[in-house]
Amino acid sequence: MNIQELWDKFGKIFRDFDLESGAYKAPGRVNLIGEHTDYNDGFVMPMAIEKEITMLAQLRPDRKVKFYSLDYDQMVEYDLDSLEYDEENIWANYIMGVIDEIQKLGKSLQGFNLMFTGNIPQGSGLSSSAALEVVTALAVTDLHKIKIDGIEMALLAQRAENNFVGVQCGIMDQYISRLGQKDQALLIDCRTNDYQLVPFKDENYQIVICNSRVDRGLVDSKYNERRSECDQAVEFFAEKEAGEINALRDVDLETVEKYKAELAENIYKRAHHVVSENARVLESKKALEADDLQKFGDLMYASHKSLSEDYEVSCKELDILVNLAAEAEIEGARMTGAGFGGCTVNLVKKDQIDQFIDLIKKNYKEKTGIDAEVYVSNPGEGARKL
Ligand code: ADP
Ligand code: MG
């Protein structure tokens with residue numbers, strides 16, 4: 001549906017109150033490099049993808065909020081003064097969480113209607129949830145003429161997911177969805193919350209995302225296990241080394257190697273991944289700035305090897321996808337997201353894309369019996385009012 005068709009639909013669903021209205025978009029994202037570094041105070045480098053959630057909104061003269069999900073064909077209604085977790089309509093909690101956080105800032109809201117639709121695959125690690133939060137934050141603050149800068153809005157959207165939805169995500173997803181820009185990746189320092197745009201504009205290359213479509217069943221328990229292993233590593237290094245060590249961010253590769261014999265094997269491997277991955281993110285930034293896509297591709301392969309062998313968060317299917325990319329001599333490939341399923345991100349020469357997609361689909365199906373989904377994207381725009 002184009003925007004006019006969406007407004008027509010909006011007009012059929014809701015009564016027109018002739019009050020402030022607007023249309024907004026926010027994208028999903030793919031993390032180009034920097035995996036499992038965020039909770040170690042490290043660096044990540046995502047880009048926004050050209051898949052988005054579009055939201056139409058209009059104020060109401062009362063204190064009701066009504067949300068219509070076009071994709072689910074579901075309508076919900078709540079009272080602004082008593083927002084509570086909805087066990088039945090899970091999707092509505094991402095929106096309520098944002099409203100709740102805006103109200104916590106001491107801003108008084110009036111009622112409004114929202115209608116939205118999206119084409120970001122859900123639950124595949126491309127952050128449809130952050131897109132939904134960010135587009136809601138943009139819509140609600142804009143309708144009420146509440147001034148809030150990009151960083152504040154991203155942090156607010158993150159708090160919505162932490163506090164209302166109950167998912168302890170980091171800052172990456174909401175940051176990139178809110179602050180991303182066309183033809184740019186975003187380097188984020190997860191310690192200081194600073195960010196920097198990094199040019200990603202080589203006409204010869206595109207990003208191809210391959211969805212393994214493996215259920216990420218293990219991801220939660222393994223995620224907690226890895227976090228605790230990183231904590232143990234930090235404790236170890238803080239005891240051994242002078243200077244302040246609060247996170248693996250504060251440790252270099254030399255130090256990790258120095259204690260290899262003393263560390264339990266799993267702790268050594270986890271630390272080795274995080275510390276080397278942080279270095280790869282910073283090197284990737286330099287490579288992109290120098291338009292050295294070959295170098296960047298090599299760093300992506302190195303990241304995958306480290307995630308698979310040292311951090312042990314890959315799985316058979318993700319390894320198959322990356323191996324197929326390597327065999328096809330694609331510039332770069334790695335798993336992206338927490339692991340145990342989800343997607344790979346691939347750096348592919350434009351004139352090889354069709355061939356690459358055919359090869360992935362055919363061979364992945366042959367080896368796993370699963371039909372992979374494939375999306376091609378340039379670095380897309382961040383959240384915006386239309
Ligand atoms: P991810 O963020 O990786 O896509 P999550 O499980 O964090 O996966 O978030 C997905 C959830 O976000 C969906 O289950 C749904 O509740 C909500 N959501 C995302 N996109 C939409 C949409 N287009 N319509 C309704 N709900 C959506
Ligand atoms: Mg999510």
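This one's a predicted model, so the numbers in the text were calculated from it and none came from an experiment.
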Open item on the list: With heavy-atom distances below 4.5 Å as the criterion, would you say the side chains of Ile360 and Phe356 are in contact?
Closed with: yes

Open item on the list: Please determine whether the number of non-hydrogen atoms from other residues, nucleotides or ligands lying under 6.0 Å from atom CD of Glu84 exceeds 12.
Closed with: no

Task: Short side-chain to backbone donor-acceptor contact, Gln174 and Ala130, under 3.5 Å - done: no

Open item on the list: If you count heavy atoms of other groups shown closer than 6.0 angstrom to NZ of Lys350, is the number above 12?
Closed with: yes

TODO: Identify whether the distance between the nearest side-chain nitrogen and carboxylate oxygen of Glu283 and Arg280 falls below 4.0 Å.
DONE: no

Open item on the list: Looking at Arg191 and Asp38, would you say the former's side chain and the latter's main chain have a donor-acceptor pair under 3.5 Å?
Closed with: no

Open item on the list: Under 3.5 Å, is there a donor on one side chain and an acceptor on the other for Gln294 and Asp298?
Closed with: no

Open item on the list: Can you tell me if Glu241 has over 12 outside heavy atoms packed within less than 6.0 Å of its CD?
Closed with: yes

TODO: Determine whether Phe112 and Leu19 make a side-chain contact, defined as any pair of heavy atoms from C-beta on separated by less than 4.5 Å.
DONE: no

Open item on the list: Ignoring hydrogens and geometry beyond distance, is a side-chain donor-acceptor pair present between Glu244 and Asn246 at under 3.5 Å?
Closed with: yes

Open item on the list: Please report the interatomic distance CD1(Ile99) to CD(Glu133), rounded to the nearest 0.5 Å.
Closed with: 12.0 Å

Task: Tyr259 vs Thr255, side-chain contact (heavy atoms from CB on, under 4.5 Å): CA-CA, chis, key distance, verdict - done: CA-CA 7 Å; Tyr259 294 106; Thr255 309; 3.9 Å; yes

- [ ] Quick one: pull up CD1 in Ile102 and CD1 in Ile146 and give me the separation to the nearest 0.5 Å.
- [x] 5.5 Å

Open item on the list: Using 30° and 60° as the class boundaries, would you call the ring planes of His36 and Tyr311 parallel, tilted or perpendicular?
Closed with: tilted

Open item on the list: Quick one: does any side-chain atom of Asp319 pair with a main-chain N or O of Lys316 as donor and acceptor, under 3.5 Å?
Closed with: no

Open item on the list: Working note: Lys269 + Glu229, criterion salt bridge (charged side-chain N to carboxylate O under 4.0 Å, His left out); need CA distance, chi angles, decisive distance, verdict.
Closed with: CA-CA 10 Å; Lys269 283 162 77 177; Glu229 288 168 326; over 6 Å; no

Open item on the list: For a quick test of reading the model, state the closest non-hydrogen atom pair linking Gly42 to Asn278 and the distance between them.
Closed with: CA-OD1, 3.3 Å

- [ ] Report the relative orientation of the aromatic rings in Trp91 and Phe116; use parallel for angles under 30°, tilted for 30 to 60°, perpendicular for over 60°.
- [x] tilted

Task: Linked, directly or transitively: Ile3 and Phe10 (ILVMFWY side chains, under 4.5 Å) - done: yes

Open item on the list: Go through it in stages, so that I can follow the logic: the residues are Tyr68 and Lys66, the test is side-chain contact (heavy atoms from CB on, under 4.5 Å), and I'd like the CA-CA distance, side-chain angles, deciding distance and then a yes or no.
Closed with: CA-CA 7 Å; Tyr68 179 61; Lys66 290 192 183 184; over 6 Å; no

- [ ] Check for a donor-acceptor pair, side chain of Thr336 on one end and backbone N or O of Asn31 on the other, with a separation under 3.5 Å.
- [x] yes

TODO: Look at Lys145 together with Glu20 and state whether they make a salt bridge at an N to O cut-off of under 4.0 Å.
DONE: yes

Task: For the student: nearest non-hydrogen atoms of Leu347 and Leu293, plus distance - done: CD2-O, 3.4 Å

Task: Non-hydrogen atoms of Tyr78 and Ala92 that approach each other most closely - done: OH-CB, 3.2 Å

Open item on the list: Within the supplied structure, the quantity of interest is the number of heavy atoms (other residues, nucleotides, ligands) at a distance under 6.0 Å from Lys286 NZ; does it exceed 12?
Closed with: no

Task: Other residues, nucleotides, ligands: >12 heavy atoms within 6.0 Å of Asp354 CG - done: no

Task: Other residues, nucleotides, ligands: >12 heavy atoms within 6.0 Å of Glu254 CD - done: no

Open item on the list: Given 3.5 Å as the limit, does a donor-acceptor pair link the side chain of Tyr364 with the main chain of Ser212, or not?
Closed with: yes

- [ ] Drop me the distance from Glu373's CD to Asn211's CG, to the nearest 0.5 angstrom.
- [x] 5.5 Å

TODO: Go through the steps for Phe43 and Asp189 under the test side-chain contact (heavy atoms from CB on, under 4.5 Å), then give the verdict.
DONE: CA-CA 5 Å; Phe43 302 100; Asp189 181 334; 3.7 Å; yes

Open item on the list: Less than 4.0 angstrom from a charged side-chain N to a carboxylate O is my criterion; do Glu5 and Lys9 meet it?
Closed with: no

TODO: Answer yes or no: is there an ion pair linking Lys182 with Glu381, defined by an N-O contact shorter than 4.0 Å?
DONE: no

Open item on the list: Please determine whether a side-chain nitrogen of the Lys or Arg among Arg270 and Glu312 lies less than 4.0 Å from a carboxylate oxygen of the Asp or Glu.
Closed with: yes

Open item on the list: Starting from Met300, can I reach Leu321 by hopping between I/L/V/M/F/W/Y residues whose side chains sit under 4.5 Å apart?
Closed with: no

Open item on the list: Please give me the minimum heavy-atom distance between Pro46 and Arg29, naming the atom from each residue.
Closed with: CB-CD, 4.1 Å

Task: Minimum side-chain heavy-atom gap Val76-Ile95 below 4.5 Å - done: no

Task: Check: Val44 and Ile33 side chains under 4.5 Å, non-hydrogen atoms - done: no

- [ ] Indicate yes or no: at least one non-hydrogen side-chain atom of Ser21 is less than 4.5 angstrom from one of Trp7.
- [x] yes

Task: CD/Gln355: more than 12 non-hydrogen atoms of other groups inside 6.0 Å - done: no

Task: Close side-chain approach of Leu132 and Met55, heavy atoms under 4.5 Å - done: yes

Task: Heavy-atom pair with the smallest gap, counting every atom of Leu138 and Lys25 - done: CD2-O, 4.3 Å

Task: Minimum heavy-atom distance between Val275 and Leu253, given as atom pair plus value - done: CG1-N, 3.5 Å

- [ ] Give a yes or no on whether the backbone of Glu35 and the side-chain of His273 come within a donor-acceptor separation of less than 3.5 Å.
- [x] yes

TODO: Establish, from distance only, whether the side-chain atoms of Ser228 and Asp231 form a donor-acceptor pair under 3.5 Å.
DONE: no

Open item on the list: Do Leu32 and Ile207 have side chains that approach each other closer than 4.5 Å (heavy atoms only, starting at C-beta)?
Closed with: yes

Task: Shared hydrophobic cluster for Leu143 and Val134 (ILVMFWY, side-chain gaps under 4.5 Å) - done: no

Task: Residues, nucleotides or ligands: over 12 heavy atoms within 6.0 Å of Asp149 CG - done: yes

Open item on the list: Strictly distance-based, threshold 3.5 Å: is any side-chain N or O of Asn93 a donor or acceptor partner for the main-chain N or O of Asp86?
Closed with: yes

Task: Cluster link Ile209 to Met45, ILVMFWY, side chain under 4.5 Å - done: yes

TODO: I would like to know whether Lys222 and Glu225 meet salt bridge (charged side-chain N to carboxylate O under 4.0 Å, His left out); could you show each step before the answer?
DONE: CA-CA 5 Å; Lys222 288 290 175 185; Glu225 191 180 297; 3.7 Å; yes

TODO: Taking the side chain as every heavy atom from C-beta outward, state whether Val30 and Tyr375 have any pair of such atoms under 4.5 Å apart.
DONE: no

TODO: Check the pair Cys190, Thr37 against side-chain contact (heavy atoms from CB on, under 4.5 Å), reporting the backbone distance first and the verdict last.
DONE: CA-CA 8 Å; Cys190 299; Thr37 45; 5.9 Å; no

TODO: Look at the side chain of Arg213 and the backbone N and O of Asp371, then say whether any donor-acceptor pair between them is shorter than 3.5 Å.
DONE: yes

Open item on the list: Is the ring pair Tyr268/His272 parallel, tilted or perpendicular, if the boundaries are 30 and 60 degrees?
Closed with: tilted

Task: Hydrophobic cluster membership, Met172 vs Leu187, 4.5 Å side-chain cutoff - done: no

Open item on the list: Taking Asp79 first and then Arg63, would you say they form a salt bridge - that is, a charged N and a carboxylate O separated by under 4.0 Å?
Closed with: no

- [ ] For the pair Ser308 (side chain) and His304 (backbone), establish whether a donor and an acceptor sit closer than 3.5 Å, ignoring hydrogens and angles.
- [x] no

Open item on the list: Check whether Gln110 reaches the backbone of Arg60 with its side chain - one donor and one acceptor, N or O, closer than 3.5 Å.
Closed with: yes

